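Following: one structure in structure tokens, then a few remarks.
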Amino acid sequence: MTGDLAEVRERLRRASSVCALTGSGISAESGLPTFRGVNGLWRTHRVEDLASPAGFARDPLLVWTWYNERRAAHLRAVPNAGHVALAALERRSTDFTLATQNVDSLHLRAGSVNVLELHGHLREARCDRCGARVPLDGELAPDAIAHVCGGRFRPDIVWFGEALPRDAFARAAEAAARADVVLVIGTSGLVEPAASLATRAPRGDAFVVEINPEETAISRHADVALRGTASDVLPRLLAGESETAVAHGGSMP
Ligand code: OAD
């Protein structure tokens with residue numbers, strides 16, 4: 001991997017525009033489970049019950065019990081060296097966009113600024129009728145699910161069968177299309193349209209780098225695959241630069 005690391009470092013140094021796409025793998029070393037790996041969320045839970053409008057209509061309390069637990073786990077988790085390195089990379093870049101499929105807010109807590117949350121986030125609940133929002137600092141109590149307008153508060157995330165936030169996805173696609181270097185970190189690349197940011201959006205001469213311990217659906221589209229974990233590989237891409245010494249942690253958004 002040493003030669004590849006050196007090449008990616010050099011490409012990043014020369015790039016005028018960088019786009020990163022992340023998935024749940026980047027938060028694995030912060031103690032949050034992925035979706036499809038061993039102990040992955042979709043191995044032990046039913047997507048159609050917990051992550052679909054129909055599941056929410058059937059049993060909103062079950063859905064909220066699960067998302068309350070996930071939000072609590074996000075708040076307990078701390079950004080890891082991978083999140084921190086991406087924030088440092090943004091600070092030294094002139095044009096840097098981070099498109100994430102994660103709803104855990106760890107990129108923001110690590111200090112990333114230009115973050116596009118393709119699948120939403122769990123910082124707020126949103127009324128499914130009028131769009132009103134309430135912050136999700138603790139858990140949403142069962143008697144707070146009903147909204148006065150007659151609608152119901154739901155997690156402000158994208159469920160299966162739903163469209164991604166239009167503006168966030170359009171900006172991510174533009175960023176991936178103008179990037180000289182596209183970093184794809186910790187995602188299986190199995191969920192569209194997010195995966196297309198790595199497979200279809202980049203220009204033919206863009207340099208696509210996968211950072212993942214395992215081969216994925218993205219791998220054959222990548223110019224280089226760095227086979228390691230995000231918290232190991234990402235800081236090494238910035239090695240020798242003082243900013244990588246930024247402490248882990250960060251404030252709650
Ligand atoms: P997956 O569970 O499909 O994939 C996680 C990826 O992370 C795998 O390729 C792992 O090899 C990799 N991985 C594991 N540990 C890692 C580490 N320490 N460093 C780097 N990579 C590591 O999760 P996602 O690709 O995020 O959507 O899933 C995409 C979407 O599917 C999610 O956003 C979610 C889910 O259903 C919605 O909920 C809408």
Side-chain angles (χ1 to χ4, degrees), residues 1 5 8 20-56 63 66-67 69-71 73-74 77-86 98-107 110 115-122 126 154-165 168-169 172 183-199 208-222 224-237 248:
M1 178 156 69
L5 264 177
V8 178
L21 171 68
T22 63
S24 57
I26 194 169
S27 297
E29 289 159 287
S30 293
L32 299 176
T34 63
F35 289 92
R36 296 171 183 82
V38 182
N39 300 323
L41 293 171
W42 294 156
R43 292 195 177 227
T44 45
H45 298 81
R46 284 162 52 90
V47 181
E48 52 275 36
D49 288 341
L50 298 171
S52 78
F56 184 63
V63 171
W66 193 63
Y67 284 99
E69 282 168 15
R70 283 189 65 199
R71 173 65 174 153
H74 297 168
V78 174
N80 64 55
H83 299 105
V84 171
L86 282 181
L98 174 45
T100 186
Q101 299 166 85
N102 301 343
V103 300
D104 57 28
S105 302
L106 289 182
H107 286 304
V115 180
L116 300 171
E117 297 177 305
L118 303 173
H119 292 165
H121 57 78
L122 275 178
R126 166 169 57 86
R154 55 163 283 175
D156 194 13
I157 64 173
V158 176
W159 281 331
F160 282 86
E162 296 185 314
L164 272 58
F169 186 72
L183 303 174
V184 190
I185 307 147
T187 180
S188 60
L190 293 175
V191 174
E192 295 290 358
S196 71
L197 296 173
T199 57
V208 179
V209 182
E210 174 171 68
I211 297 167
N212 195 311
E214 290 173 21
E215 191 170 333
T216 71
I218 306 287
S219 302
R220 68 191 174 85
H221 299 270
V224 164
L226 301 175
R227 294 274 168 246
T229 68
S231 77
D232 176 38
V233 174
L234 284 167
R236 289 161 73 190
L237 292 180
H248 300 186

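First listed ligand is number 1; within each ligand, the first listed atom is number 1. Computed from a prediction, not measured in an experiment: that's the story for all the values here.
Salt bridge annotation for Glu214-Arg36: absent, with no cationic side-chain nitrogen under 4.0 angstrom from a carboxylate oxygen.
No N or O atom of Ile26 sits closer than 3.5 Å to an N or O atom of ligand 1. Geometrically, ligand 1 and Thr187 share a nitrogen or oxygen pair separated by less than 3.5 Å. At least one N or O atom of Ser188, backbone or side chain, sits closer than 3.5 Å to an N or O atom of ligand 1. The shortest N or O to N or O distance between Ala230 and ligand 1 is below 3.5 Å. Here's the thing with Thr229: none of its N/O atoms is less than 3.5 angstrom from an N/O atom of ligand 1.
Which parts of ligand 1 touch Gly23 is read off a 4.0 Å heavy-atom cut-off, strictly below it: atoms 26 (O). In summary, the atoms of ligand 1 found under 4.0 Å from a heavy atom of Thr216, numbered by their order in the structure, are 9 (O). Which parts of ligand 1 touch Val191 is read off a 4.0 Å heavy-atom cut-off, strictly below it: atoms 29 (C), 30 (C), 31 (O). Close approach of ligand 1 to Phe160 is summarised as follows: ligand atoms under 4.0 Å from at least one heavy atom of the residue are 36 (O).
Within the 4.0 Å heavy-atom criterion, the part of Ala28 lying near ligand 1 is the side chain and not the backbone. Contact annotation: for Trp42 versus ligand 1, heavy atoms closer than 4.0 Å belong to the side chain alone.
Scanning all protein heavy atoms for the shortest distance to atom 13 (N) of ligand 1 gives Gly25 CA, 3.6 Å. Atom 6 (C) of ligand 1 has its closest protein heavy atom at Gly186 O, 3.5 Å. In this structure, the protein non-hydrogen atom closest to atom 39 (C) of ligand 1 is Val158 O, 3.3 Å. The protein heavy-atom contact nearest to atom 32 (C) of ligand 1 is Phe35 CE1, 3.5 Å. The protein heavy-atom contact nearest to atom 26 (O) of ligand 1 is Ser24 N, 2.8 Å.
No side-chain heavy atom of Thr187 sits under 4.5 Å from any side-chain heavy atom of Thr216. Between Leu237 and Leu5 there is a side-chain heavy-atom pair separated by less than 4.5 Å.
Contact analysis leaves Gly40 out of contact with ligand 1, as no non-hydrogen atom separation drops below 4.0 angstrom.
Atom 8 (C) of ligand 1 has its nearest heavy-atom neighbour, among Asn212, Leu164, Thr34, in Asn212. Between the choices Arg43, Glu29, Gln101, Glu162, the shortest heavy-atom distance to atom 29 (C) of ligand 1 belongs to Gln101. If you check each of Arg36, Arg227, His119 against atom 2 (O) of ligand 1, the one with the closest non-hydrogen atom is Arg36.
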